[in-house]
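This report concerns only the one structure given below.
Note that the structure is predicted; figures quoted are calculated from it, not measured.
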Amino acid sequence: MTKSEWIKKYEDKAEPYYELEPEGYTELFDPEKGYLYYKIEGNCITIGHCCTNDMYYWEKRVQEIANKYGCTTIKTITMRNPRAYIRMTGAHLDLINSGYRPNGLWYWAMERGVNRKERE
């Protein structure tokens, strides 16, 4: 899909894309897999907005980036039911940072460690 098609898909399910220009975030884009924003802060990589048809692909990319920058923690939020993501990654809910966002939707915050196997 084109970037415009991925943006439309995101907007149909979440919020307007123009709101997705967060300061300090880097965008990754793959026409077949979608896009993902991330930011490195100290030893933490934070996953911002993401639109994909293959979360396993992005999980591998995030692990690679986290290892490249020496991160030990991965943080993310999602408006979707977090159960599948928790099962896939081993993350735990961060209820303090979960909550309603300006678009009126509830977002779950999650945190997990970086996969040490990726570092070897």
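- Pairs passing the ring pair (Phe, Tyr, Trp, His ring centres under 6.0 Å) check and including a residue from residues 53-97, sequence neighbours excluded, do not occur.
- The salt bridge (Lys or Arg N to Asp or Glu O under 4.0 Å) check on K13 picks up nothing, with sequence neighbours excluded.
- Going from atom OG1 of T73 over to atom CD1 of I45 covers 11.0 Å, rounded to the nearest 0.5 Å.
- Listed by chain and residue number, E27 satisfy the salt bridge (Lys or Arg N to Asp or Glu O under 4.0 Å) test with K3 (two or more places apart in sequence, or in another chain).
- Between P82 and M110, the closest heavy-atom pair is CB-SD, 3.7 Å.
- Two residues are said to be in side-chain contact when any heavy atoms from C-beta on lie closer than 4.5 Å; L36 and T52 fail this criterion.
- Put simply, the side chain of I74 reaches to within 4.5 Å of the side chain of I47, judged on heavy atoms.
- Residues passing the side chain to side chain contact (heavy atoms under 4.5 Å, CB included) test with K39, sequence neighbours excluded: Y25, E41.
- Under a 3.5 Å cut-off, the side chain of Q63 and the backbone N or O of N115 do form a donor-acceptor pair.
- For C71 against G42, the heavy-atom pair with the smallest separation is SG-O, 4.5 Å.
- Residues P31 and M1 fail the side-chain proximity criterion, which asks for heavy atoms closer than 4.5 Å.
- By the salt bridge (Lys or Arg N to Asp or Glu O under 4.0 Å) test, D54 pairs with K33, sequence neighbours left out.
- A search for side chain to side chain donor-acceptor pair (under 3.5 Å) contacts involving N53 returns nothing, not counting sequence neighbours.
- The ring-ring contact (aromatic ring centres under 6.0 Å, His included) check on Y100 picks up W106, with sequence neighbours excluded.
- At least one side-chain heavy atom of W108 sits under 4.5 Å from a side-chain heavy atom of L95.
- Within the structure, the salt bridge (Lys or Arg N to Asp or Glu O under 4.0 Å) test picks out no pair touching residues 82-101 (sequence neighbours left out).
- Between E11 atom CD and C51 atom SG the span is 10.0 Å, to the nearest 0.5 Å.
- A distance of 12.0 Å separates CG of N97 from OG1 of T76, quoted to the nearest 0.5 Å.
- With rounding to the nearest 0.5 angstrom, the CD1 atom of I65 is 8.0 Å from the OG1 atom of T26.
- Between C50 and M55, the shortest heavy-atom distance links the atoms SG-SD, 4.3 Å.
- Considering only residues two or more places apart in sequence or on other chains, S4 meets the side chain to side chain contact (heavy atoms under 4.5 Å, CB included) condition with T2.
- With sequence neighbours excluded, no residue satisfies salt bridge (Lys or Arg N to Asp or Glu O under 4.0 Å) with K9.
- A66 approaches V114 most closely through the heavy-atom pair CB-CG2, 3.7 Å.
- Under the 4.5 Å side-chain criterion, counting only non-hydrogen atoms from C-beta, E59 is in contact with T89.
- Note that CG of L93 and OG of S98 are 6.0 Å apart. Values are rounded to the nearest 0.5 Å.
- Put simply, the side chain of Y38 reaches to within 4.5 Å of the side chain of L28, judged on heavy atoms.
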